[in-house]
Amino acid sequence: MRIYVCVKQVPDTSGKVAVKEDGTLDRASMETIINPDDMAAMEAALQLKDETGCQVTAVTMGPAPAEGMLRELLAMGADDGVLISSREFGGSDTFATSQIIAGALHYLGVGGEDVIFCGRQAIDGDTAQVGPQIAEKLNLPQVTYVADMKKDGNVLTVKRLLEDGYMTIQVQTPCLLTCVREMNAPRYMTIKNILGCYQKPVRILDYNALKDDPLIDLTTIGLKGSPTNIFRSFTPPKKEAGRILAGTEEEAVEELVSQLVKKHVI
Ligand SMILES: Cc1cc2nc3c(=O)[nH]c(=O)nc-3n(C[C@H](O)[C@H](O)[C@H](O)COP(=O)(O)OP(=O)(O)OC[C@H]3O[C@@H](n4cnc5c(N)ncnc54)[C@H](O)[C@@H]3O)c2cc1C
């Protein structure tokens, strides 16, 4: 049994968000972190490894420095890493990103009791589309918003987070789960694993390695294969200044309610 965890390196949006004059994100001046939901996905995978001894592979698509993030995941306990990286993959939207990652997973082989873990959402792109699209492209069942999970052979019992509660779903492997950060508290790297992380294998899959896979086609990957295009990006306008409502308590409440109705808040 093999577990694949799809992990994205993202700018740390909780720190200083730098925007260039043309309105695009100044990624170079921002710290990068491992996407928080993906840390929960990795922890869930490592818990399965603790129980069953299965192999855990960290998979990322990104530029060459993303290998450093893979090493951190190896130091957490993952067995090996796969870096999907090539000029042809640049500029991909979520359709093309999921096409490439699905192609790489297909090339690596997914079957039997294997499970693919993703985060629910990346904190930079924020679409929550990549996980479900990978599942579709690999023809696998999927459960999103996973808050807990137990595996018994080829059946997973999954607790799925809803807006106002939970639902329990059983799903057969091979399958894909997208995890929420409420799922667990990711473990720290250990000294032993930090010392060993450079001995563990990291494979680089570029366009040449993947081009014969049926899912990899120049018309479905990269900027050319992306059905959506970012037309413009800009910083949202600053919030208006606050206003103190005048009049009696009743008048102020009436005005407040009418303003909230006008703004479609209630
Ligand atoms: C026209 C266009 C051009 C773009 N060009 C670029 C570009 O040049 N460079 C760039 O970085 N982005 C680019 N993007 C953004 C890119 O589409 C998203 O970064 C990417 O598709 C992931 O979407 P998301 O961030 O919303 O992830 P979500 O869908 O929110 O992510 C959900 C989960 O999917 C998995 N996942 C997502 N992305 C990856 C990944 N790369 N590797 C492994 N797992 C992953 C993770 O488990 C993650 O938690 C472009 C987008 C568009 C529309």
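As the structure lists them, so they are numbered: ligands from 1, and atoms in each ligand from 1.
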Between [X] (side chain only) and [Y] (backbone N and O only), is there a donor and an acceptor less than 3.5 Å apart?
X      : Y      : answer
Asn35  : Gln121 : yes
Ser86  : Phe89  : no
Lys224 : Leu218 : no

Can you report which non-hydrogen protein atom sits closest to [atom], along with the distance?
atom                    : value
atom 35 (C) of ligand 1 : Val130 CG1, 4.0 Å
atom 19 (O) of ligand 1 : Lys8 NZ, 2.7 Å
atom 21 (O) of ligand 1 : Thr97 OG1, 2.9 Å
atom 26 (O) of ligand 1 : Thr127 OG1, 2.6 Å
atom 42 (N) of ligand 1 : Met61 N, 3.0 Å
atom 1 (C) of ligand 1  : Thr228 O, 3.3 Å
atom 43 (C) of ligand 1 : Val7 O, 3.2 Å
atom 53 (C) of ligand 1 : Asp93 CB, 3.2 Å

Element-labelled atoms of ligand 1 that are located less than 4.0 Å from some non-hydrogen atom of [X]:
X      : value
Thr60  : 42 (N), 43 (C)
Arg120 : 32 (C)
Asp124 : 25 (O)
Asn35  : 49 (O)
Gln129 : 29 (O)
Val59  : 43 (C)
Asn229 : 1 (C)

With respect to Ser226, determine whether any N or O atom, backbone or side chain, lies less than 3.5 Å from an N or O atom of ligand 1.
no
Regarding ligand 1, does Ile230 bring an N or O atom to under 3.5 Å of one of the ligand's N or O atoms?
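Min N/O separation from ligand 1 is not below 3.5 Å for Ile230.
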Give the cluster check for Val115 versus Tyr107: same hydrophobic cluster or not, with ILVMFWY residues linked at side-chain heavy-atom distances below 4.5 Å.
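No, it is not one cluster - the side chains of Val115 and Tyr107 are not joined through contacts under 4.5 Å.
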Please check if Met183 and Tyr145 belong to a single hydrophobic cluster, counting links between Ile, Leu, Val, Met, Phe, Trp and Tyr side chain heavy atoms closer than 4.5 Å.
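Met183 does not cluster with Tyr145.
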Just checking [X]: does its [atom1] atom have more than 12 heavy atoms from other residues, nucleotides or ligands closer to it than 6.0 angstrom?
X      : atom1 : value
Asp152 : CG    : no
Glu255 : CD    : yes
Glu182 : CD    : yes

Donor-acceptor side-chain pairing of [X] and [Y] below 3.5 angstrom:
X      : Y      : value
Arg160 : Thr144 : yes
Thr57  : Asp80  : yes
Thr220 : Asp217 : no
Gln47  : Glu51  : no

Output yes when a protein non-hydrogen atom is found under 4.0 Å of atom 29 (O) of ligand 1, and no otherwise.
yes
Are any of the protein's heavy atoms under 4.0 angstrom from atom 10 (C) of ligand 1, yes or no?
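Neighbour list for atom 10 (C) of ligand 1 is empty of protein heavy atoms (cut-off 4.0 Å).
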Check [X] against ligand 1 and report side chain, backbone, both or neither, counting heavy atoms closer than 4.0 Å.
X      : answer
Asp38  : side chain
Asp37  : neither
Ile101 : side chain
Cys6   : both
Ile84  : neither

Relative to [atom], which among [options] owns the nearest non-hydrogen atom?
atom                    : options                      : value
atom 5 (N) of ligand 1  : Ala66, Gly91, Ala96          : Gly91
atom 33 (C) of ligand 1 : Gly125, Gly119, Ala122       : Gly119
atom 16 (C) of ligand 1 : Pro132, Gly222, Ser92, Ser98 : Ser92

Supply the atom-to-atom distance Asp114 CG to Tyr4 OH, rounded to the nearest 0.5 angstrom.
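The OH atom of Tyr4 is 6.0 Å from CG of Asp114, to the nearest 0.5 Å.
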Could you give the distance from CD (Glu72) to CD1 (Ile194), rounded to the nearest 0.5 Å?
9.0 Å
Under 4.0 Å between a Lys/Arg side-chain N and an Asp/Glu carboxylate O for Lys151 and Glu113?
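Between Glu113 and Lys151 there is a salt bridge, with a charged N closer than 4.0 Å to a carboxylate O.
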Checking Lys49 against Ile3 for the side-chain contact (heavy atoms from CB on, under 4.5 Å) test, could you report, in this order, the C-alpha distance in whole Å, the side-chain angles of both residues, the deciding distance, and whether it holds?
CA-CA 9 Å; Lys49 178 181 168 177; Ile3 309 288; over 6 Å; no
